Chemist: 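Below is one structure. I have some questions about it.
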Amino acid sequence: MTFIYRYCQGLRLRQVDMIQDGIAGSSATLSKMTRKLRMVCRKALRKHKRETGQVVGGRTEFVIIDESNFRHKRKYGRGRAGETWRRKKWVFGILAIKGDRRRPILRLVEQRSRDHLIPIIARHVRQGSTILSDEWRPYRRALTTHGYTHYTVNHSRWFVDPIHGGHTQNIERAWSTYKSQVWRLRGNRTEKLLKEHLTCIEWTYWLGHNHSDGPLGRLLKDIRQQYRV
């Protein structure tokens, strides 16, 4: 139970601290337990996607889109910079905002081209929604032709557009939070592992924060449902 609580808190404590506290006997055991909990989160979110379609936007929720590079970082900056470390991981993010609520959709993409990004937007953002982005070329004119109201921010000139007042600081802060979590847990070593961590981030905001008892209550609920505890 203590381990599940700390998992819901983002595993901020080091593994060595949890071993000293008697939560597990070894780092390998902790890693195995963490994989099990990530699997619980993935299954719960997959079920939620089937039931709801994971669609955002509309008249009361605006959407920010952006891409960010999740490159593997060598531990302590040591070792050779092999092909795995050089490989770029572009993550396309859709961040839906309504008041204090944040709902991210995070997808690993091969390229940041129009053919790769627009279908993801069309699948997850309701037509007629207001979308804010930077001036990345694939977005130009494509979003308005798909039925969206599209505003851009020219980051080479300002952070907040002086005309419409739009800014992308919300998603920039979100990227910082997501990367800190992924890098701290070394969740960027492989493409499969990165996808798992991105899914767990989505689970936190879509399901964990919506539970009356927070992420811990939701995780316990998902464990009971999946394992019939």
Side-chain angles (χ1 to χ4, degrees), residues 41-42 44-71 88-155 159-161 164-182 187-188 191 194-210:
C41 294
R42 292 200 315 273
L45 187 63
R46 190 183 307 128
K47 181 176 182 291
H48 179 75
K49 290 178 182 178
R50 288 196 306 266
E51 295 174 348
T52 68
Q54 200 179 24
V55 179
V56 298
R59 299 178 62 182
T60 61
E61 186 176 54
F62 79 93
V63 175
I64 305 176
I65 58 176
D66 194 26
E67 328 84 45
S68 191
N69 178 14
F70 280 56
R71 186 175 64 176
K88 291 183 178 180
K89 302 288 189 181
W90 286 106
V91 177
F92 176 60
I94 298 173
L95 183 63
I97 299 177
K98 180 179 180 180
D100 295 331
R101 185 180 71 180
R102 303 290 186 270
R103 295 193 297 172
I105 296 172
L106 307 171
R107 298 292 181 267
L108 199 62
V109 295
E110 296 294 332
Q111 300 177 30
R112 297 182 297 160
S113 67
R114 181 171 300 182
D115 291 341
H116 285 80
L117 302 184
I118 297 301
I120 300 176
I121 298 170
R123 185 180 310 121
H124 293 288
V125 183
R126 294 183 178 90
Q127 282 196 344
S129 301
T130 298
I131 297 179
L132 181 67
S133 74
D134 57 21
E135 294 193 325
W136 181 238
R137 184 175 300 174
Y139 304 140
R140 295 178 186 172
R141 293 184 295 276
L143 293 179
T144 55
T145 59
H146 280 75
Y148 300 108
T149 300
H150 183 212
Y151 295 100
T152 63
V153 178
N154 187 341
H155 287 162
F159 290 104
V160 179
D161 190 279
H164 56 69
H167 62 81
T168 58
Q169 294 173 19
N170 284 297
I171 199 166
E172 295 298 337
R173 287 194 295 267
W175 284 136
S176 178
T177 300
Y178 304 157
K179 287 182 178 181
S180 175
Q181 180 175 337
V182 170
N188 192 1
E191 183 174 308
L194 178 56
K195 288 181 178 179
E196 290 183 5
H197 280 271
L198 295 177
T199 299
C200 288
I201 291 172
E202 289 187 49
W203 175 91
T204 300
Y205 289 90
W206 281 81
L207 300 177
H209 289 335
N210 285 334

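These numbers come from a predicted model, not from an experiment. Only heavy atoms go into these numbers, but all of them, side chains included; no hydrogens, no water, no symmetry mates.
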Chemist: List in chain and number order the residues that pass side-chain hydrogen bond (donor to acceptor under 3.5 Å, both in side chains) with H150, two or more places apart in sequence or in another chain; answer none if no residue qualifies.
Modeler: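 Counting only residues at least two positions away or on another chain, H150 forms a side-chain hydrogen bond (donor to acceptor under 3.5 Å, both in side chains) with S133.
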
Chemist: Atom CG in L45, atom CD1 in I201: separation rounded to 0.5 Å?
Modeler: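 Between atom CG of L45 and atom CD1 of I201 there are 11.5 Å.
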
Chemist: Do you know which of L194, L95, L198 makes side chain to side chain contact (heavy atoms under 4.5 Å, CB included) with L106?
Modeler: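 Of L194, L95, L198, side chain to side chain contact (heavy atoms under 4.5 Å, CB included) with L106 is met by L198 alone.
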
Chemist: Quick check against the 3.5 Å criterion: does W206 have a side-chain atom that pairs as donor or acceptor with the backbone of Q54?
Modeler: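 No, because the side chain of W206 does not come within donor-acceptor range (under 3.5 Å) of the backbone of Q54.
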
Chemist: What distance separates W136 CH2 from I65 CD1, expressed to the nearest 0.5 Å?
Modeler: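 Answer rounded to 0.5 Å: 12.5 Å.
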
Chemist: Return the set of residues passing ring-ring contact (aromatic ring centres under 6.0 Å, His included) with H116 (not counting sequence neighbours), or none when no residue passes.
Modeler: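 ring-ring contact (aromatic ring centres under 6.0 Å, His included) check on H116 returns nothing, list empty.
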
Chemist: Quick one, V109 and E67 - any side-chain contact, counting heavy atoms below 4.5 Å?
Modeler: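 Result no, sub-4.5 Å side-chain heavy-atom pair not found.
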
Chemist: Should we count CZ of R141 as having more than 12 external heavy atoms under 6.0 Å?
Modeler: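 No.
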
Chemist: Please enumerate all residues that pass side-chain contact (heavy atoms from CB on, under 4.5 Å) together with R59, with sequence neighbours excluded.
Modeler: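 Residues passing side-chain contact (heavy atoms from CB on, under 4.5 Å) with R59: none at all.
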
Chemist: Is there side-chain contact between S68 and Y178, with at least one heavy-atom pair below 4.5 Å?
Modeler: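 Counting from C-beta outward, S68 and Y178 never come under 4.5 Å.
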
Chemist: Among residues two or more places apart or on two chains, list those pairs meeting side chain to side chain donor-acceptor pair (under 3.5 Å) that have a residue in residues 118-131.
Modeler: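 Side chain to side chain donor-acceptor pair (under 3.5 Å) check on residues 118-131 returns no pairs.
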
Chemist: Just jot down the ring-ring contact (aromatic ring centres under 6.0 Å, His included) partners of H146, sequence neighbours excluded, or say none.
Modeler: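 Expected list: none.
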
Chemist: Could you give the distance from CZ (F92) to CD1 (I121), rounded to the nearest 0.5 Å?
Modeler: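 The CZ atom of F92 sits 4.0 Å away from the CD1 atom of I121.
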
Chemist: Using the side-chain hydrogen bond (donor to acceptor under 3.5 Å, both in side chains) criterion, which residues pair with W175? Sequence neighbours excluded.
Modeler: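 Only D66 meet the side-chain hydrogen bond (donor to acceptor under 3.5 Å, both in side chains) criterion with W175.
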
Chemist: Identify, with sequence neighbours excluded, every residue that meets salt bridge (Lys or Arg N to Asp or Glu O under 4.0 Å) alongside K179.
Modeler: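 In terms of salt bridge (Lys or Arg N to Asp or Glu O under 4.0 Å), with neighbours along the sequence ignored, K179 is linked to no residue.
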
Chemist: If a pair satisfies salt bridge (charged side-chain N to carboxylate O under 4.0 Å, His left out) and one of its residues is in residues 96-106, list it, with sequence neighbours excluded.
Modeler: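 Checked against salt bridge (charged side-chain N to carboxylate O under 4.0 Å, His left out) - neighbours excluded - the pairs reaching residues 96-106 are E61-R101, E61-R103.
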
Chemist: Please confirm whether the backbone N or O of V182 pairs with a side-chain atom of N188, one donor and one acceptor, at under 3.5 Å?
Modeler: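 Judged by distance alone, no pair lies under 3.5 Å.
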
Chemist: Kindly write out the residues that satisfy side-chain hydrogen bond (donor to acceptor under 3.5 Å, both in side chains) with Y205, not counting sequence neighbours, or none if the list is empty.
Modeler: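 None.
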
Chemist: Check whether any side-chain N or O of T177 sits under 3.5 Å from a backbone N or O of R173 as a donor-acceptor pair, and report yes or no.
Modeler: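 Judged by distance alone, yes, a pair lies under 3.5 Å.
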
Chemist: How long is the straight-line distance from CZ of F62 back to OG1 of T149, given to the nearest 0.5 Å?
Modeler: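 The distance works out to 13.5 Å.
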
Chemist: By side-chain contact (heavy atoms from CB on, under 4.5 Å), which residues pair with S180, not counting sequence neighbours?
Modeler: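 Once residues adjacent in sequence are excluded, S180 has no partner under the side-chain contact (heavy atoms from CB on, under 4.5 Å) criterion.
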
Chemist: Do V56 and V125 have side chains that get closer than 4.5 Å, going by heavy atoms?
Modeler: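 Result yes, sub-4.5 Å side-chain heavy-atom pair found.
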
Chemist: Residues two or more places apart in sequence or in another chain: which of them pass side-chain hydrogen bond (donor to acceptor under 3.5 Å, both in side chains) with K49?
Modeler: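 Expected list: none.
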
Chemist: How long is the straight-line distance from SG of C41 back to CD of E196, given to the nearest 0.5 Å?
Modeler: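 So the gap between those two atoms works out to 10.5 Å.
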
Chemist: Please report the interatomic distance OH(Y139) to OG1(T152), rounded to the nearest 0.5 Å.
Modeler: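 So the gap between those two atoms works out to 12.0 Å.
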
Chemist: Could you list the residues that satisfy side-chain contact (heavy atoms from CB on, under 4.5 Å) with A142, not counting sequence neighbours?
Modeler: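 Expected list: R114, I118.
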
